[in-house]
Amino acid sequence: MSTSPQPPFPNTLAVGQPYSPHITRWRDGTAELRLTAQGAQFVLAVSKPAKHEIKAFAKGNAEFAVVNGDHVTLLLYKFTDPFDSNPKHGLPWSDAPWEYHRQAQLAPADLPTSGVPLYLALVDADTGITQALRLIGLPAEFSAALREGIVRQKAHPMDNNAATAEINRFYQQAPSDLVLTADSRFEALRDGTADTTQLTLGPASDEDAEGQVKSPADGKADAALRLAAPYGTPRPYPGVLPADLIPWHTWIADCGHSVVVAMAEELAKHPDKPDYFLIPASPQTVMRLGYTWVDGYPAVSGLNYDPELGLITPDDEYEF
(Lines give C-alpha, C1' and ligand atoms only; values in the text may rest on other atoms or scores of the structure.)
Protein backbone atom coordinates (compact mmCIF):
# COMPACT_ATOMS: atom_id res chain seq x y z
CA MET A 1 0.00 0.00 0.00
CA SER A 2 1.12 3.55 -0.58
CA THR A 3 1.87 5.86 2.29
CA SER A 4 2.48 9.58 2.51
CA PRO A 5 3.26 11.94 5.39
CA GLN A 6 0.09 13.14 7.11
CA PRO A 7 -0.57 15.62 9.92
CA PRO A 8 -0.54 14.21 13.48
CA PHE A 9 -3.44 11.89 14.25
CA PRO A 10 -6.49 13.77 15.59
CA ASN A 11 -7.35 13.44 19.27
CA THR A 12 -10.95 12.35 18.71
CA LEU A 13 -12.36 10.33 15.82
CA ALA A 14 -16.01 9.82 14.95
CA VAL A 15 -17.71 7.72 12.28
CA GLY A 16 -19.40 9.94 9.72
CA GLN A 17 -17.07 12.86 10.45
CA PRO A 18 -13.91 13.98 8.59
CA TYR A 19 -10.85 12.11 9.78
CA SER A 20 -8.96 15.38 9.62
CA PRO A 21 -10.32 18.87 8.88
CA HIS A 22 -7.17 19.46 6.84
CA ILE A 23 -7.61 16.51 4.45
CA THR A 24 -10.62 16.06 2.19
CA ARG A 25 -9.06 13.63 -0.30
CA TRP A 26 -6.54 10.86 0.23
CA ARG A 27 -4.59 8.77 -2.20
CA ASP A 28 -6.48 5.49 -2.61
CA GLY A 29 -4.69 2.79 -0.64
CA THR A 30 -2.87 5.12 1.75
CA ALA A 31 -1.95 3.17 4.87
CA GLU A 32 -0.51 5.19 7.73
CA LEU A 33 1.00 3.84 10.96
CA ARG A 34 1.92 6.09 13.87
CA LEU A 35 3.57 4.95 17.10
CA THR A 36 2.93 7.29 20.03
CA ALA A 37 3.05 7.37 23.81
CA GLN A 38 -0.73 6.82 23.75
CA GLY A 39 -0.48 3.69 21.59
CA ALA A 40 -0.27 2.54 17.99
CA GLN A 41 -2.53 4.31 15.48
CA PHE A 42 -3.40 3.01 12.02
CA VAL A 43 -5.49 4.66 9.32
CA LEU A 44 -6.41 3.09 5.99
CA ALA A 45 -7.90 5.17 3.16
CA VAL A 46 -9.93 3.32 0.52
CA SER A 47 -11.83 4.91 -2.37
CA LYS A 48 -15.57 4.35 -1.86
CA PRO A 49 -15.14 1.38 0.51
CA ALA A 50 -17.76 -1.31 -0.07
CA LYS A 51 -20.06 -2.45 2.72
CA HIS A 52 -18.21 -5.77 2.99
CA GLU A 53 -14.90 -3.92 3.40
CA ILE A 54 -16.29 -1.68 6.14
CA LYS A 55 -17.83 -4.65 7.94
CA ALA A 56 -14.63 -6.72 7.76
CA PHE A 57 -12.54 -3.78 9.00
CA ALA A 58 -14.88 -2.87 11.84
CA LYS A 59 -15.81 -6.25 13.26
CA GLY A 60 -14.27 -9.04 11.22
CA ASN A 61 -11.15 -11.08 11.81
CA ALA A 62 -8.20 -8.68 11.92
CA GLU A 63 -4.75 -10.18 11.30
CA PHE A 64 -1.48 -8.33 11.77
CA ALA A 65 2.22 -9.04 11.37
CA VAL A 66 5.32 -6.90 11.80
CA VAL A 67 8.59 -7.16 9.87
CA ASN A 68 11.52 -5.06 11.12
CA GLY A 69 14.47 -3.78 9.12
CA ASP A 70 17.25 -1.35 9.93
CA HIS A 71 15.45 1.56 8.27
CA VAL A 72 11.83 0.43 7.81
CA THR A 73 9.17 -1.49 9.73
CA LEU A 74 6.31 -3.06 7.80
CA LEU A 75 2.94 -3.49 9.46
CA LEU A 76 1.12 -6.19 7.50
CA TYR A 77 -2.66 -6.34 7.85
CA LYS A 78 -5.69 -8.28 6.65
CA PHE A 79 -9.40 -7.94 7.45
CA THR A 80 -11.97 -10.65 6.67
CA ASP A 81 -15.56 -11.41 7.65
CA PRO A 82 -15.78 -15.06 8.82
CA PHE A 83 -19.50 -15.11 7.93
CA ASP A 84 -18.96 -13.93 4.35
CA SER A 85 -18.32 -16.85 2.00
CA ASN A 86 -17.15 -14.66 -0.89
CA PRO A 87 -13.33 -15.04 -0.98
CA LYS A 88 -13.01 -11.68 -2.78
CA HIS A 89 -14.63 -9.77 0.04
CA GLY A 90 -12.83 -8.06 2.89
CA LEU A 91 -9.38 -6.49 2.68
CA PRO A 92 -6.54 -8.86 1.65
CA TRP A 93 -3.00 -8.84 3.01
CA SER A 94 -1.26 -5.53 2.43
CA ASP A 95 1.22 -3.35 4.30
CA ALA A 96 1.95 0.01 5.86
CA PRO A 97 5.66 0.99 5.84
CA TRP A 98 6.79 2.94 8.91
CA GLU A 99 10.03 4.89 9.27
CA TYR A 100 11.20 6.17 12.64
CA HIS A 101 13.03 9.22 11.31
CA ARG A 102 10.13 10.33 9.10
CA GLN A 103 7.71 10.26 12.03
CA ALA A 104 10.23 11.95 14.32
CA GLN A 105 10.18 14.95 11.98
CA LEU A 106 6.47 15.41 12.77
CA ALA A 107 5.99 13.96 16.26
CA PRO A 108 7.93 11.83 18.78
CA ALA A 109 7.93 8.10 18.07
CA ASP A 110 7.20 6.05 21.17
CA LEU A 111 4.92 3.38 22.67
CA PRO A 112 3.51 2.82 26.17
CA THR A 113 5.73 0.64 28.34
CA SER A 114 2.92 -1.90 28.64
CA GLY A 115 -0.68 -2.39 27.57
CA VAL A 116 -0.39 -1.03 24.03
CA PRO A 117 -3.74 -0.18 22.36
CA LEU A 118 -4.08 -0.20 18.58
CA TYR A 119 -6.52 2.42 17.26
CA LEU A 120 -7.85 1.66 13.77
CA ALA A 121 -9.66 3.99 11.39
CA LEU A 122 -11.01 3.35 7.89
CA VAL A 123 -11.47 6.48 5.76
CA ASP A 124 -13.15 7.05 2.40
CA ALA A 125 -10.27 8.31 0.28
CA ASP A 126 -12.62 10.34 -1.93
CA THR A 127 -14.22 12.34 0.87
CA GLY A 128 -11.98 12.07 3.92
CA ILE A 129 -14.97 10.83 5.96
CA THR A 130 -14.33 8.20 8.65
CA GLN A 131 -16.21 4.98 7.80
CA ALA A 132 -15.24 2.66 10.66
CA LEU A 133 -13.34 2.68 13.95
CA ARG A 134 -11.94 -0.11 16.06
CA LEU A 135 -9.84 -0.56 19.20
CA ILE A 136 -7.65 -3.62 19.82
CA GLY A 137 -5.26 -4.37 22.67
CA LEU A 138 -1.96 -5.64 21.28
CA PRO A 139 -0.41 -8.81 22.75
CA ALA A 140 2.82 -8.23 24.66
CA GLU A 141 4.94 -10.10 22.10
CA PHE A 142 3.60 -8.02 19.22
CA SER A 143 4.13 -4.80 21.17
CA ALA A 144 7.71 -5.87 21.88
CA ALA A 145 8.31 -6.37 18.14
CA LEU A 146 7.08 -2.83 17.43
CA ARG A 147 9.35 -1.44 20.15
CA GLU A 148 12.25 -3.38 18.65
CA GLY A 149 11.52 -1.63 15.36
CA ILE A 150 11.84 1.75 17.06
CA VAL A 151 15.12 0.82 18.76
CA ARG A 152 16.58 -0.74 15.63
CA GLN A 153 15.80 2.19 13.37
CA LYS A 154 16.80 4.78 15.97
CA ALA A 155 20.28 3.23 16.04
CA HIS A 156 20.79 4.18 12.36
CA PRO A 157 20.91 7.70 10.93
CA MET A 158 18.21 8.76 8.51
CA ASP A 159 19.06 7.45 5.04
CA ASN A 160 16.33 7.73 2.42
CA ASN A 161 18.23 5.65 -0.13
CA ALA A 162 18.81 2.84 2.34
CA ALA A 163 15.15 2.93 3.40
CA THR A 164 13.98 2.77 -0.23
CA ALA A 165 16.31 -0.14 -0.95
CA GLU A 166 15.05 -1.98 2.13
CA ILE A 167 11.39 -1.47 1.14
CA ASN A 168 12.18 -2.74 -2.36
CA ARG A 169 13.75 -5.87 -0.85
CA PHE A 170 10.65 -6.44 1.23
CA TYR A 171 8.45 -5.95 -1.82
CA GLN A 172 10.21 -8.73 -3.69
CA GLN A 173 7.85 -10.94 -1.69
CA ALA A 174 4.07 -10.76 -1.63
CA PRO A 175 2.62 -9.59 1.72
CA SER A 176 1.11 -13.04 2.26
CA ASP A 177 4.64 -14.52 1.98
CA LEU A 178 6.25 -11.88 4.21
CA VAL A 179 3.80 -12.81 6.94
CA LEU A 180 5.35 -16.28 7.14
CA THR A 181 8.74 -14.86 8.21
CA ALA A 182 7.42 -11.94 10.30
CA ASP A 183 9.01 -10.94 13.60
CA SER A 184 5.60 -11.25 15.24
CA ARG A 185 2.03 -12.01 14.19
CA PHE A 186 -1.39 -12.15 15.82
CA GLU A 187 -5.07 -12.33 14.98
CA ALA A 188 -7.91 -10.46 16.67
CA LEU A 189 -11.02 -12.55 16.16
CA ARG A 190 -14.36 -11.12 15.15
CA ASP A 191 -15.49 -8.55 17.70
CA GLY A 192 -18.30 -6.10 18.33
CA THR A 193 -16.61 -2.76 17.79
CA ALA A 194 -18.66 -1.99 14.68
CA ASP A 195 -20.87 0.00 17.04
CA THR A 196 -17.89 2.10 18.13
CA THR A 197 -18.68 5.48 16.64
CA GLN A 198 -16.12 7.57 18.51
CA LEU A 199 -12.61 7.04 19.88
CA THR A 200 -10.54 9.42 21.98
CA LEU A 201 -6.89 8.71 21.28
CA GLY A 202 -5.23 10.27 24.30
CA PRO A 203 -4.73 13.58 26.06
CA ALA A 204 -5.71 16.52 23.89
CA SER A 205 -3.44 18.73 25.98
CA ASP A 206 -1.45 18.78 29.20
CA GLU A 207 -4.55 20.06 30.96
CA ASP A 208 -6.54 17.07 29.66
CA ALA A 209 -4.19 14.40 30.95
CA GLU A 210 -7.09 12.11 31.86
CA GLY A 211 -8.63 12.25 28.37
CA GLN A 212 -7.56 8.71 27.59
CA VAL A 213 -9.51 6.29 25.41
CA LYS A 214 -12.52 4.81 27.15
CA SER A 215 -13.98 1.37 26.70
CA PRO A 216 -16.71 1.02 24.09
CA ALA A 217 -19.14 0.12 26.91
CA ASP A 218 -17.88 1.44 30.24
CA GLY A 219 -21.38 0.94 31.67
CA LYS A 220 -20.99 -2.85 31.60
CA ALA A 221 -17.85 -2.84 33.74
CA ASP A 222 -19.60 -2.37 37.11
CA ALA A 223 -22.08 -5.15 36.40
CA ALA A 224 -19.29 -7.44 35.20
CA LEU A 225 -17.28 -6.82 38.37
CA ARG A 226 -20.30 -7.58 40.58
CA LEU A 227 -20.95 -10.80 38.67
CA ALA A 228 -17.44 -12.20 38.14
CA ALA A 229 -15.58 -10.69 41.10
CA PRO A 230 -18.14 -10.07 43.87
CA TYR A 231 -15.44 -10.14 46.54
CA GLY A 232 -13.06 -7.86 44.69
CA THR A 233 -11.95 -4.61 46.30
CA PRO A 234 -10.62 -1.41 44.73
CA ARG A 235 -6.86 -1.13 44.93
CA PRO A 236 -4.45 0.91 42.77
CA TYR A 237 -2.70 -1.15 40.11
CA PRO A 238 1.10 -0.90 40.56
CA GLY A 239 1.83 -1.06 36.82
CA VAL A 240 0.31 0.53 33.73
CA LEU A 241 -3.06 -0.62 32.40
CA PRO A 242 -4.57 0.48 29.09
CA ALA A 243 -7.03 3.23 29.97
CA ASP A 244 -9.96 1.27 28.51
CA LEU A 245 -9.31 -1.62 30.94
CA ILE A 246 -9.10 0.47 34.12
CA PRO A 247 -12.87 0.24 34.83
CA TRP A 248 -12.56 -3.57 34.63
CA HIS A 249 -9.75 -3.81 37.19
CA THR A 250 -10.13 -5.13 40.74
CA TRP A 251 -8.10 -6.87 43.45
CA ILE A 252 -9.08 -10.33 44.77
CA ALA A 253 -7.51 -11.88 47.86
CA ASP A 254 -6.61 -15.23 46.30
CA CYS A 255 -5.87 -13.94 42.79
CA GLY A 256 -4.28 -10.55 43.31
CA HIS A 257 -4.73 -7.81 40.73
CA SER A 258 -7.25 -8.90 38.11
CA VAL A 259 -9.11 -7.64 35.05
CA VAL A 260 -12.57 -9.05 34.43
CA VAL A 261 -12.62 -10.21 30.81
CA ALA A 262 -14.74 -12.36 28.55
CA MET A 263 -13.41 -15.70 27.38
CA ALA A 264 -13.83 -15.16 23.64
CA GLU A 265 -14.66 -18.77 22.88
CA GLU A 266 -17.42 -18.92 25.53
CA LEU A 267 -18.77 -15.51 24.57
CA ALA A 268 -19.23 -16.77 21.01
CA LYS A 269 -21.20 -19.80 22.30
CA HIS A 270 -23.24 -18.03 24.98
CA PRO A 271 -23.46 -14.31 24.10
CA ASP A 272 -26.49 -13.79 26.38
CA LYS A 273 -25.01 -15.48 29.46
CA PRO A 274 -22.30 -13.30 31.05
CA ASP A 275 -21.93 -15.77 33.92
CA TYR A 276 -20.68 -18.30 31.35
CA PHE A 277 -17.96 -16.16 29.79
CA LEU A 278 -16.83 -13.52 32.33
CA ILE A 279 -13.78 -14.32 34.44
CA PRO A 280 -11.11 -12.39 36.38
CA ALA A 281 -7.67 -12.76 34.79
CA SER A 282 -4.22 -11.45 35.60
CA PRO A 283 -3.46 -8.16 33.83
CA GLN A 284 -0.19 -9.69 32.61
CA THR A 285 -2.09 -12.61 31.08
CA VAL A 286 -4.47 -10.22 29.32
CA MET A 287 -1.58 -8.14 27.99
CA ARG A 288 0.29 -11.24 26.83
CA LEU A 289 -2.69 -12.62 24.89
CA GLY A 290 -4.20 -9.31 23.81
CA TYR A 291 -7.89 -8.44 23.77
CA THR A 292 -10.63 -7.12 21.49
CA TRP A 293 -13.93 -5.44 22.34
CA VAL A 294 -16.85 -7.79 21.77
CA ASP A 295 -20.35 -6.48 22.49
CA GLY A 296 -18.90 -4.09 25.04
CA TYR A 297 -16.68 -6.66 26.80
CA PRO A 298 -12.87 -6.98 26.65
CA ALA A 299 -12.60 -10.45 25.11
CA VAL A 300 -9.48 -12.61 25.31
CA SER A 301 -8.81 -15.69 23.18
CA GLY A 302 -6.65 -18.59 24.35
CA LEU A 303 -7.14 -18.39 28.13
CA ASN A 304 -6.17 -21.66 29.79
CA TYR A 305 -9.48 -22.44 31.51
CA ASP A 306 -10.31 -25.75 33.14
CA PRO A 307 -14.00 -26.33 34.05
CA GLU A 308 -12.98 -27.87 37.38
CA LEU A 309 -9.87 -25.89 38.29
CA GLY A 310 -10.84 -22.56 36.79
CA LEU A 311 -8.42 -20.26 35.04
CA ILE A 312 -4.86 -21.60 35.12
CA THR A 313 -2.45 -18.68 35.44
CA PRO A 314 1.34 -18.97 35.05
CA ASP A 315 3.03 -18.33 38.41
CA ASP A 316 5.04 -15.40 37.07
CA GLU A 317 1.85 -13.57 35.95
CA TYR A 318 0.23 -13.29 39.37
CA GLU A 319 0.41 -9.77 40.80
CA PHE A 320 -0.34 -9.26 44.47
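It should be emphasised that the depicted structure is a prediction, and the values quoted were computed from it without experimental measurement.
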Quiz item: Does Gln153 reach the main-chain N or O of His101 with its side chain, forming a donor-acceptor pair under 3.5 Å?
Solution: no
Quiz item: Could you give the distance from OH (Tyr305) to CG (Leu311), rounded to the nearest 0.5 Å?
Solution: 8.5 Å
Self-check item: Check: Thr80/Asn61 side-chain N/O donor and acceptor closer than 3.5 Å
Solution: no
Self-check item: Sequence-distant partners of Gln17, side chain to side chain contact (heavy atoms under 4.5 Å, CB included), two or more places apart
Solution: Ala14
Quiz prompt | For Ala262 against Tyr297, the heavy-atom pair lying closest together | solution = CB-CB, 4.0 Å
Quiz prompt | Sub-4.5 Å side-chain heavy-atom contact between Leu120 and Phe64 | solution = yes
Quiz item: Does Val179 belong to the same Ile/Leu/Val/Met/Phe/Trp/Tyr cluster as Phe170, with side-chain heavy atoms less than 4.5 Å apart forming each link?
Solution: yes
Exercise. Name the orientation class of the two ring planes belonging to Phe320 and Trp251 (parallel below 30°, tilted from 30 to 60°, perpendicular beyond 60°).
Key: perpendicular
Exercise. Looking only at non-hydrogen atoms, find the nearest pair between Val261 and Ala281 and report the distance.
Key: CG2-CB, 4.1 Å
Quiz item: Quick one: salt bridge (Lys or Arg N to Asp or Glu O under 4.0 Å) pairs with a partner in residues 158-180, sequence neighbours left out?
Solution: Glu166-Arg169
Quiz item: Can you find a pair of side-chain heavy atoms, one from Ser143 and one from Leu138, that are under 4.5 Å apart?
Solution: yes
Practice problem: For the pair Leu33 and Gln41, evaluate side chain to side chain contact (heavy atoms under 4.5 Å, CB included) and give the outcome as yes or no after the intermediate values. | Solution: CA-CA 6 Å; Leu33 175 67; Gln41 303 165 2; over 6 Å; no
Quiz item: Among all residues two or more places apart in sequence or in another chain, which pass the side chain to side chain donor-acceptor pair (under 3.5 Å) test with Asp70?
Solution: Arg152
Quiz item: To the nearest 0.5 Å, how far apart are OG1 in Thr313 and CD in Gln284?
Solution: 10.5 Å
Quiz item: Just wondering, do Leu44 and Leu91 contact through their side chains at under 4.5 Å, heavy atoms?
Solution: yes
Practice problem: Could I get the full list of side chain to side chain donor-acceptor pair (under 3.5 Å) partners for Asn68, not counting sequence neighbours? | Solution: Thr73
Quiz item: What is the distance from atom CZ of Arg185 to atom OG1 of Thr181, rounded to the nearest 0.5 Å?
Solution: 10.5 Å
Quiz item: Can you list the residues that meet the side chain to side chain contact (heavy atoms under 4.5 Å, CB included) rule with Asp275, with sequence neighbours excluded?
Solution: Leu227, Lys273
Quiz prompt | Trace of the side chain to side chain contact (heavy atoms under 4.5 Å, CB included) decision for Leu111 with Thr36 | solution = CA-CA 5 Å; Leu111 279 178; Thr36 77; over 6 Å; no
Quiz item: Would you call Arg288 and Glu141 a salt bridge, taking side-chain N to carboxylate O under 4.0 Å as the test?
Solution: no
Quiz item: What residues, two or more places apart in sequence or in another chain, satisfy ring-ring contact (aromatic ring centres under 6.0 Å, His included) together with Tyr276?
Solution: His270
Exercise. Working to the nearest 0.5 Å, report the span between CG of Leu118 and OH of Tyr77.
Key: 12.5 Å
Quiz item: Any donor and acceptor pair, going by atom type alone, linking the side chain of Thr130 with main-chain N or O of Ala132 inside 3.5 Å?
Solution: no
Practice problem: Grab the two heavy atoms, one from Ala145 and one from Val66, that are nearest each other, plus how far apart they are. | Solution: CB-CG1, 3.4 Å
Exercise. Could you name each residue pair satisfying ring pair (Phe, Tyr, Trp, His ring centres under 6.0 Å) that touches residues 141-165, not counting sequence neighbours?
Key: His71-His156, Phe142-Phe186
Exercise. Kindly write out the residues that satisfy side chain to side chain donor-acceptor pair (under 3.5 Å) with His52, not counting sequence neighbours, or none if the list is empty.
Key: none
Exercise. With sequence neighbours excluded, tell me which residues meet side chain to side chain contact (heavy atoms under 4.5 Å, CB included) with Pro49.
Key: Val46, Glu53, Ile54, Leu122, Asp124, Gln131
Quiz item: Is there a donor-acceptor contact under 3.5 Å from the side chain of Asp95 to the main chain of Leu76?
Solution: no
Quiz item: What pair of heavy atoms forms the shortest contact from Thr250 to Ala229, and how long is it?
Solution: CG2-CB, 4.0 Å
Self-check item: Check: Ser282 side chain, Glu317 main-chain N or O, donor-acceptor pair, under 3.5 Å
Solution: yes
Practice problem: Measure from the side-chain N and O atoms of Lys220 to the backbone N and O of Asp295, and report whether any donor-acceptor pair falls under 3.5 Å. | Solution: yes
Quiz item: Is the backbone of Thr113 close enough, under 3.5 Å, to the side chain of Arg147 for a donor and an acceptor to pair up by distance?
Solution: yes
Quiz prompt | side chain to side chain contact (heavy atoms under 4.5 Å, CB included) assessment of Ile150 paired with Trp98 | solution = CA-CA 10 Å; Ile150 295 175; Trp98 180 82; 3.8 Å; yes
Practice problem: Using the test salt bridge (charged side-chain N to carboxylate O under 4.0 Å, His left out), find all partners of Lys269 that sit at least two apart in sequence or belong to another chain. | Solution: Glu266
Quiz prompt | Smallest separation among heavy atoms of Ala228 and Leu278, with atom names | solution = CB-CB, 4.0 Å
Quiz item: NZ/Lys55 to CZ/Phe83 distance, rounded to the nearest 0.5 angstrom?
Solution: 8.0 Å
Quiz item: Sequence neighbours excluded, which residues qualify as side chain to side chain donor-acceptor pair (under 3.5 Å) partners of Ser176?
Solution: none
Self-check item: Joint cluster assignment, Leu133 & Ile129, ILVMFWY side-chain distance < 4.5 Å
Solution: no
Quiz prompt | Straight-line distance of Tyr119 OH to Leu135 CG, nearest 0.5 Å | solution = 6.5 Å
Quiz item: Does a side-chain heavy-atom distance below 4.5 Å link Pro283 with Glu319?
Solution: yes
Quiz item: Do the side chains of Trp93 and Leu74 join up, straight or via other hydrophobic residues, at under 4.5 Å, putting them in one cluster?
Solution: yes
Practice problem: Would you please name every residue forming a side chain to side chain contact (heavy atoms under 4.5 Å, CB included) with Ser301, sequence neighbours left out? | Solution: Leu189, Ala264, Glu265
Quiz item: Does Leu35 offer a backbone N or O that forms a donor-acceptor pair with the side chain of Gln103 under 3.5 Å?
Solution: yes
Practice problem: Please answer whether the main-chain N or O of Trp26 pairs with a side-chain N or O of Thr30 as donor and acceptor at a distance below 3.5 Å. | Solution: no
Practice problem: Apply side chain to side chain contact (heavy atoms under 4.5 Å, CB included) to Val43 and Tyr19, showing your working. | Solution: CA-CA 9 Å; Val43 58; Tyr19 179 83; 3.9 Å; yes
Practice problem: Keeping the roles fixed (side chain from Thr164, backbone from Asn160), state whether a donor-acceptor pair exists under 3.5 Å. | Solution: yes
Exercise. Check Arg134 against Ala188 and note the closest heavy-atom contact, atom names and distance.
Key: NH2-O, 3.8 Å
